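What follows is a short report on a single structure.
Here is how names work: the chains are called A, B, and so on, in the same order as the sequence lines, proteins then strands, and each is numbered from 1. These numbers come from a predicted model, not from an experiment.
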Amino acid sequence: MKNQEPRSISSCAACKFLKRKCTPNCQFAPYFRADEPKKFAKVHKVFGASNVSKILNEVPENQREDTVNSLVYEAEVRLCDPVYGCIGAIASLQHKMVELQHDLILAQARLACYVENQPSYLDDNINIIAPNTDFQEPSNGLVESLNYNSMPFDQFSQFQFP
Amino acid sequence: MNSTRCAACKHLRRRCPSTCIFSPYFPPNNPPRFQYVHKIYGASNVGKILKDLPENYRAEAANSLYYEAYCRIKDPVYGCVGIITILHQQIHNVQCQLAGIQAEIAALSTQSQNEDNQNQQTEIAPTLIEQNGVPNYTSFYDISTWFD
């Protein structure tokens, strides 16, 4: 009697897209379900199935779902913005961060003026109630914590933000 | 045909034609630049992305592909999406800080205004200045004289 291979119930989205048999050990099956065909189509268009497979092989199994999700996100953004992709989003967020830090410094300076001009108050027990002066200085490491020195992002400072 | 092959054609071990889509953006003096994009995207996909764009956008597209590939090689799980997540978190933190300080300013401003109102409404005994035997009551409700 001819041995029959166990058949998967349905092919995953990747194997359907690639028009191949989906094996029980299919690497893509856990992350590209059959009911989400567009998800694989996007990563395939940007990265290619072979490259996705290589990337997944490089990461531990418990991190592969996060890896696939980030690849899908990158692919979506690249398809929406073929010129800048995620780098455009990063530049836009950096710009917003600089604006917010500027606003924070101004607000802290304004608060300092109020605190200096504020007289002390007496509570019911004739104790002095001083206004709260514990405000945090803006963290200078907000951007540096991303270790930008190791990333060549300086060339993007000239770009117009999307 | 280019006399010197571009980094892409050198890596792919092929001739570099004069119409090579990669040669303006992957010069031979920077081999890792093409190696990174080839590892993550593949030469074919990079070529398609560049060909689909107007020529004046291709240099920046090649740069952004290189940086994204670089991020993905350094962080195979999250790539540059990890940076986006961190930036979102940091923006949220700064927004919370800013909101807190603005609330403090608003509270102090309200207190200050209340003080001013109370000082205006406090009735101080009018000054009695006799002029020509007739008492002259100066009302202190008219603040325009306070700063004379």
Side-chain angles (χ1 to χ4, degrees), chain A residues 44-48 50-51 54-56 58-60 63-64 66-67 69-71 73-74 77-78 81-90 93-94 96-97 100-101 103-104 107-108 110-111 113-115 117-119 121 131-132 135-136 138-139 142-143 145-146 150-153 155-156 159, chain B residues 33 38-46 48-50 52-54 56-88 90-95 97-102 104-109 111-112 115:
Chain A
H44 178 70
K45 188 170 170 68
V46 176
F47 297 100
S50 166
N51 291 327
K54 285 180 200 168
I55 292 171
L56 288 178
E58 282 181 5
V59 301
Q63 290 186 307
R64 286 180 185 168
D66 284 348
T67 304
N69 289 338
S70 70
L71 286 169
Y73 182 85
E74 263 193 54
V77 177
R78 178 59 65 174
D81 183 356
V83 180
Y84 298 111
C86 281
I87 303 301
I90 290 173
L93 288 170
Q94 282 184 306
K96 188 171 181 181
M97 175 64 93
L100 276 173
Q101 286 181 310
D103 289 345
L104 186 64
Q108 287 176 334
R110 197 170 158 211
L111 181 64
C113 286
Y114 269 102
V115 167
N117 296 332
Q118 199 70 25
Y121 292 94
N132 180 20
F135 51 85
Q136 295 176 9
S139 167
L142 280 172
V143 172
S145 64
L146 295 177
S150 69
M151 296 184 182
F153 282 113
Q155 292 188 29
F156 287 95
F159 288 173
Chain B
R33 184 177 160 91
H38 178 60
K39 183 177 163 73
I40 300 301
Y41 298 101
S44 170
N45 288 332
V46 173
K48 281 182 205 169
I49 290 172
L50 293 177
D52 286 346
L53 289 170
N56 54 328
Y57 286 112
R58 289 177 186 168
E60 294 185 352
N63 283 341
S64 70
L65 286 167
Y66 164 57
Y67 292 143
E68 279 194 37
Y70 180 93
C71 290
R72 180 60 64 175
I73 288 169
K74 292 296 177 189
D75 181 357
V77 179
Y78 297 108
C80 60
V81 178
I83 297 173
I84 291 174
T85 304
I86 290 172
L87 278 169
H88 274 297
Q90 291 185 340
I91 284 171
H92 175 74
N93 290 344
V94 174
Q95 284 173 331
Q97 260 188 293
L98 184 60
I101 290 173
Q102 286 172 338
E104 276 193 62
I105 290 172
L108 287 172
S109 173
Q111 269 180 343
S112 175
E115 259 187 51

Drop me the distance from [X]'s [atom1] to [Y]'s [atom2], to the nearest 0.5 angstrom.
X     : Y      : atom1 : atom2 : answer
B:Q90 : A:Q94  : CD    : CD    : 10.0 Å
A:I90 : B:I86  : CD1   : CD1   : 10.0 Å
B:Q97 : A:D103 : CD    : CG    : 12.5 Å

Among B:L98, B:I105, B:L53, which has the most heavy-atom pairs under 4.5 Å with chain A?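 Counting heavy-atom pairs under 4.5 Å, the top option is B:I105.
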Quick one: of B:G42, B:A62, B:G79, B:S109, who has the most non-hydrogen atom pairs under 4.5 Å with chain A?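 Heavy-atom pairs under 4.5 Å are most numerous for B:S109.
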Determine the minimum heavy-atom distance between [X] and [Y], stating which atoms define it.
X      : Y      : value
A:R78  : B:A61  : NH1-O, 4.2 Å
B:I101 : A:Q108 : CD1-CG, 3.2 Å
B:N45  : A:V46  : ND2-O, 3.4 Å
A:Q101 : B:V94  : N-CG1, 4.4 Å
A:V59  : B:P76  : CG1-CB, 3.7 Å
A:C86  : B:E68  : N-OE2, 2.8 Å

Between [X] and chain A, which part of the residue has a heavy atom less than 4.5 Å away: side chain, backbone, both or neither?
X     : answer
B:K48 : neither
B:I49 : side chain
B:L65 : both
B:S44 : neither
B:R58 : neither

Residue [X] versus chain B: region with a heavy atom under 4.5 Å:
X     : result
A:L71 : both
A:E58 : side chain
A:L93 : both
A:K54 : neither

Could you check if a side-chain atom of B:L108 sits within less than 4.5 angstrom of a side-chain atom of A:L111, using non-hydrogen atoms only?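 Sidechains of A:L111 and B:L108: in contact.
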I want to check something: taking the side chain as every heavy atom from C-beta on, are B:I84 and A:Y73 in contact at a cut-off of under 4.5 Å?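 They are in contact (side-chain heavy atoms under 4.5 Å apart), so the answer is yes.
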Between A:N51 and B:Y41, do the side chains contain a donor N or O and an acceptor N or O under 3.5 Å apart?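 There is no such pair (donor and acceptor under 3.5 Å, judged by atom type) between the side chains of B:Y41 and A:N51.
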Could you check which of A:I55, A:V77, A:L56, A:D66 has the highest count of heavy-atom pairs closer than 4.5 Å to chain B?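 Ranked by contacts with chain B, first place is A:D66.
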What do you reckon, is CZ of A:R110 surrounded by more than 12 foreign heavy atoms closer than 6.0 Å?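 Result for CZ/A:R110: open.
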Strictly distance-based, threshold 3.5 Å: is any side-chain N or O of B:Q102 a donor or acceptor partner for the main-chain N or O of A:A107?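 Answer holds: no.
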